[in-house]
A.B. asks: 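To start, I am sharing the structure in question, which I have written as structure tokens.
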Amino acid sequence: MTDTRTLEIWRGGPDSGERVAYEIEAEPGMVVLDAVLEVQRTQAQDLAVRWNCKAAKCGSCSAEINGRPRLMCKTRLDHLPEETPITVEPIKAFPPIRDLVTDVSWNYKVNERIPPFTPAPDAEWSIAQEDVDRMSEFRKCIECFLCQDVCHVLREHRLHSQYFGPRFLVRLASLEMHPLDTLDRIDMIKDEAGVGLCNITKCCTEVCPAEIHITDNAIIPLKERVVDRHYDPVMMVVRKVTGRDRRARNDSPVDEHAARGPVGPAWPEDSEKPVPGPGDQPVG
Amino acid sequence: MALEVERHEFDVLVIGAGGAGLRAAIAAAEAGARTALVCRSLLGKAHTVMAEGGVAAALGNVAPEDGWETHFQDTMFSAKYLNNWRMAELHAKEAPDRVRELEHWGAVFDRTPDRKMSQRAFGGHTHKRLVHIGDRTGLEMIRTLQDKAVHSGIEVFMECTITRLLKDGERVVGAFGYRRGSGEFLAFAAPAVVLGTGGGGRSYRITSNSWECFGDGYALAYDAGAELVDMEFVQFHPTGMVYPPGVVGLLVTEAVRGEGGILRNRDGERFMSNYDERRMELSTRDVVARAIFTEVKEDRGTEHGGVFLDVSHLPDTTVRQKLPSMYDQFMELAGVDITKQPMEVGPTCHYFMGGVRIDGDTGHSPVAGLLATGECSGGMNGANRLGGNSLSDLLVFGRRAGEGAAEAAARADRISLQDVGLEEAAQEMLDYLEGQGTENPYQIHDDLRDMMQANVGIFRDKPGLEDAVSKLDELDQRACRVAAPASTRVYNPGWHLCRDLQTMLTVSRAVTLAALRREESRGAHSRLDHTGFDDYWGEHNIVITREGGEMRLVDEPVRKRAELEQLVQQRQEQEQQATSKANTP
């Protein structure tokens, strides 16, 4: 049993592009990636698309399907409305290379800046399962960068130079919550990673294919750790008296309010997406 | 034409950034070598992320009686004694240290009640041996290695494909390739090149392998004059998804059986009792795959051509906690709630036991400057790999190859690349763009996959294999007439596939010729026209080299080791006793 579906796939490069319609015969259980690869095989052999595992384990085939950031390999055609064409576009927080492929290299540069796991030299490797479970949620991340794609700070405000994005706050959380890690990354989380810029709209959590509670379990606890150190009035008095921690502060006040800031709108279901263009270069 | 090639010079070049390549690069960098890591995909996306069940290491955390000797024996028995004994020994001895080291680098694994790394049961392992985290152990490993690598001073070249190894006389001195994003050419000069390119499942129709598993390392090494060994042994994982069509071949982890999953045919019969009464669902992969294939062929299969794999008798919480990604996978892609309904599964091409023949201690091939590790090397796994041994294999031999490469580089003279080799390599790629070919590369790939699945799959016979050889000849001819679909060099997958076809055709031919030559059934290689073990073949590996542009196949005695003879004999006797006991009414 097959039926014909229309895909409108964004074709183009850094300077311009448009959606091009293709028709395919849908098989039962077909996912968008199957459909895109079928188009590539039979109608547009030069169609640029990234994919690897086709099993939602590698996070390569990120795209915006009907305007929503998703993994192509995890989105079934029969779960999308039949009446309208299926639109497939590249993620927008990063510069386009060609067709569905974008330049995500910025993410890898951010990762390099995060100090790695650092246990004590004489650590005893005894860990409780509950610690494992807590870290495991963060370590499920498949680096699809869909959270980076929807994050307003990166997508709309293009603050790539001031903010690491949800993915790397999740990474920082996994390190911070490792019971045997000895490094202190709190100042990095506050300053370089810019955790204060997150205003908790939870868009990242909504699109995460690994179902990580990014905002609640990673970002908010990190914000709390920053607040405890830098903005807790009791601790400020203690520090004044003891003379410890006279670190200069040069952040915008947004940090102080962000942790308890208003909850913004969720990711709009059918908002108009900007077509990638030359102006969309990350700041970083 | 002025040749535009981006040039780089390193001490060690590692090709492939799965677990083996990453581990090799880390070892090389730690040994002081200036190291480059080149990968086809983005970093952290390699096929290793798909490994689910666990990494085998005789830590003895759950079963204190476990030790390297038993792990060695299990590996030897599963491989039908065709492995390089030394490699099986090194693997069993060093796997525990490599896993501990991974934990020290930040990997997080499930725990025992006394807070040690937990270990689960797996097919063919005598004891509970697989260190794991849920069913996403590969992701945990690759992320840990990736983060270690980027802080080890390694230079990473993402989304670059290597098309040729460059030689100076008899010695490998670097590699040539292109950047997939821009289509620009690049060349590396390096006195030591490590292949860590993984397996070649993309030549089969039904496979668990990810996009990039073309078998680059086999073809690169073969073209450079190295030896391929055991290429006839292709592991079909017993349990891949069979429905819906879009997900056919997708892996269903062996951990499902490790946690107590039961296999049944359409009639509800627990059929493994007819194939391996002692080990049942936890028999070795070759046995379970053949059993499922046979059930389906003899019309006891499910509606979609598989058998049932059932965990619905286990508590819901166990399933959700121990097999979370399987639960999601079936729920999302097949609409099946595995806590309540059985899964439908069938065999899927999963792993190449064969590969580049190396010296296990150092990773060196016989060609100076060329090393290999992980799935793209051969010898460790013989005729059939044990589940969980690939992740430990890539750690143990990744490290050894990285150190071996750094050592070789330290001894080597300075390299200067000759323009002539580069021009030829560049022209090959440009010809696909500029040529007048009429064949569609995707169509040839499709035809190859169907042919390999039908003729060189789980069960093989002489007529089918001979037919495969003549079809490969035809496909070779067609692949010469292939043309890139558009003239752009910017991220043009059709262009890339033109070259990848050459790789897959070489790999497919090696598998087919070796399968034709081995006239017996052993491990993953089953001949319908030669169904039993053969004493001669039990003592020989098939080694393939390139001679005058043709494949030359030679039988060479298994590489044994006198001091391990006793352990091997002990296991052989145990098996004989167990079998005769089982056969006594």
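Within every chain, numbering begins at 1; the chains are lettered A, B, ... in the order of the sequence lines, protein sequences first and strands thereafter. This structure is a prediction, so every number in the text was calculated from the model and none was measured. What's counted below: heavy atoms across the whole structure, side chains too, no hydrogens, waters or symmetry copies.
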A.B. asks: Measure A:D34 against the heavy atoms of chain B and call it side chain, backbone, both or neither at under 4.5 Å.
C.D. replies: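 It is the side chain, since no backbone atom gets that close.
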
A.B. asks: Please state whether the side chain, the backbone, both or neither of A:R76 comes within less than 4.5 Å of a heavy atom of chain B.
C.D. replies: side chain

A.B. asks: Would you mind listing every salt bridge (Lys or Arg N to Asp or Glu O under 4.0 Å) that reaches into residues 324-334 of chain B, with sequence neighbours excluded?
C.D. replies: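 Of all non-adjacent pairs touching residues 324-334 of chain B, those that pass salt bridge (Lys or Arg N to Asp or Glu O under 4.0 Å) are A:K74-B:E332.
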
A.B. asks: For the residue pair B:E103 and A:W125, what are the closest heavy atoms and their distance?
C.D. replies: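 That closest heavy-atom pairing would be O-CZ3, 3.5 Å.
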
A.B. asks: To the nearest 0.5 Å, how far apart are NZ in A:K57 and OG in B:S210?
C.D. replies: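 If we round to the nearest 0.5 Å, A:K57:NZ and B:S210:OG are 12.0 Å apart.
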
A.B. asks: Relative to chain A, which segment of B:L333 carries a heavy atom at a distance below 4.5 Å: side chain, backbone, both, or neither?
C.D. replies: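 Both backbone and side chain.
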
A.B. asks: Between A:L180 and chain B, which part of the residue has a heavy atom less than 4.5 Å away: side chain, backbone, both or neither?
C.D. replies: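 For A:L180, there is no contact with chain B at all, as no heavy atom is under 4.5 Å.
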
A.B. asks: Would you say that A:R50 contacts B:Y491 through its side chain, given a criterion of any heavy-atom pair below 4.5 Å between the two side chains?
C.D. replies: yes

A.B. asks: In the structure I gave you, are the side-chain heavy atoms of B:R180 and A:V101 within less than 4.5 Å of one another anywhere?
C.D. replies: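 Contact flag for B:R180/A:V101 side chains = no.
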
A.B. asks: Could you have a look at A:N111, A:T42, A:T118 and say which one has the most heavy-atom pairs with chain B under 4.5 angstrom?
C.D. replies: A:N111

A.B. asks: Side chain from CB out, backbone as N, CA, C, O: work out which of these in B:F109 comes under 4.5 Å of a heavy atom of chain A, or both, or neither.
C.D. replies: backbone

A.B. asks: Considering all heavy atoms of both residues, which atom of A:K140 and which atom of B:L139 are nearest to each other, and what is their separation?
C.D. replies: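 Where A:K140 meets B:L139 most closely, the heavy atoms are O-CD2, 3.6 Å.
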
A.B. asks: Given that the side chain runs from C-beta out, which part of A:V49 has a heavy atom under 4.5 Å from chain B: side chain, backbone, both or neither?
C.D. replies: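 Contact with chain B is through the backbone of A:V49 alone.
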
A.B. asks: Of the backbone (N, CA, C, O) and the side chain (C-beta and beyond), which part of B:H151 lies under 4.5 Å from a heavy atom of chain A, both, or neither?
C.D. replies: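 For B:H151, side-chain heavy atoms alone lie under 4.5 Å from chain A.
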
A.B. asks: Under a 4.5 Å heavy-atom cut-off, does chain A meet the side chain of B:Q329, its backbone, both or neither?
C.D. replies: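 Only the side chain of B:Q329 comes within 4.5 Å of chain A.
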
A.B. asks: Output the option from A:M30, A:Q40, A:E211, A:H79 having the highest count of non-hydrogen pairs under 4.5 Å with chain B.
C.D. replies: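 Answer, by heavy-atom pair count under 4.5 Å with chain B: A:Q40.
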
A.B. asks: Which residues pass the side chain to side chain contact (heavy atoms under 4.5 Å, CB included) test with B:D114, sequence neighbours left out?
C.D. replies: B:T112, B:K116

A.B. asks: For B:M158, which atoms come within 4.5 Å of any heavy atom of chain A: side chain, backbone, both, or neither?
C.D. replies: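 Contact with chain A: side chain only.
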
A.B. asks: Sort A:A56 into side chain, backbone, both or neither according to what part of it lies under 4.5 angstrom from a heavy atom of chain B.
C.D. replies: neither

A.B. asks: Can you tell me which portion of B:L43 sits under 4.5 Å from chain A's heavy atoms? Options are side chain, backbone, both or neither.
C.D. replies: both

A.B. asks: Taking side chain to side chain contact (heavy atoms under 4.5 Å, CB included) as the test, write out the residues that go with A:P115, two or more places apart.
C.D. replies: A:L183, A:R185, A:M188

A.B. asks: Check each atom of B:W495 against the heavy atoms of chain A and say whether the ones under 4.5 Å are side chain, backbone, both or neither.
C.D. replies: neither

A.B. asks: Measure distances from B:H104 to the heavy atoms of chain A and classify the residue's part below 4.5 Å as side chain, backbone, both or neither.
C.D. replies: both

A.B. asks: Which residues from residues 130-138 of chain A are near chain B, with near meaning under 4.5 Å between non-hydrogen atoms?
C.D. replies: A:V132, A:M135, A:S136

A.B. asks: Which atoms of B:S182 come close to chain A, meaning under 4.5 Å heavy atom to heavy atom: side chain ones, backbone ones, both, or neither?
C.D. replies: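 The answer is neither part of B:S182.
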
A.B. asks: Donor-acceptor pair, distance only, cut-off 3.5 Å: does the side chain of A:K54 make one with the backbone of B:L250?
C.D. replies: no

A.B. asks: Crowded around A:R225 CZ? As in, over 12 foreign heavy atoms under 6.0 Å?
C.D. replies: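 Counting other residues, nucleotides and ligands, CZ of A:R225 exceeds 12 neighbours.
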
A.B. asks: Select one option (side chain, backbone, both, neither) describing which atoms of A:R41 are under 4.5 Å from chain B's heavy atoms.
C.D. replies: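 Both backbone and side chain.
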
A.B. asks: Could you look at B:A334 and say if it's the side chain, the backbone, both or neither that has a heavy atom under 4.5 Å from chain A?
C.D. replies: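 When you check distances to chain A, only backbone atoms of B:A334 fall under 4.5 Å.
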
A.B. asks: Under 4.5 Å heavy-atom distance to chain B, tell me which part of A:L33 shows up: side chain, backbone, both or neither.
C.D. replies: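 Neither; nothing under 4.5 Å.
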
A.B. asks: Report which part of A:P116 has an atom under 4.5 Å of a heavy atom belonging to chain B: side chain, backbone, both, or neither.
C.D. replies: both

A.B. asks: So for A:R171, is it side chain, backbone, both, or neither that comes closer than 4.5 Å to the heavy atoms of chain B?
C.D. replies: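 For A:R171, the side chain is the part near chain B, not the backbone.
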
A.B. asks: For A:I142, does its backbone N or O pair with a side-chain atom of B:K45 as donor and acceptor, under 3.5 Å?
C.D. replies: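 Yes; judged by distance alone, with no hydrogens or angles, the pair exists.
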
A.B. asks: Roughly how far apart are B:M117 CE and A:S126 OG, rounded to 0.5 Å?
C.D. replies: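 Here the rounded value is 11.5 Å.
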
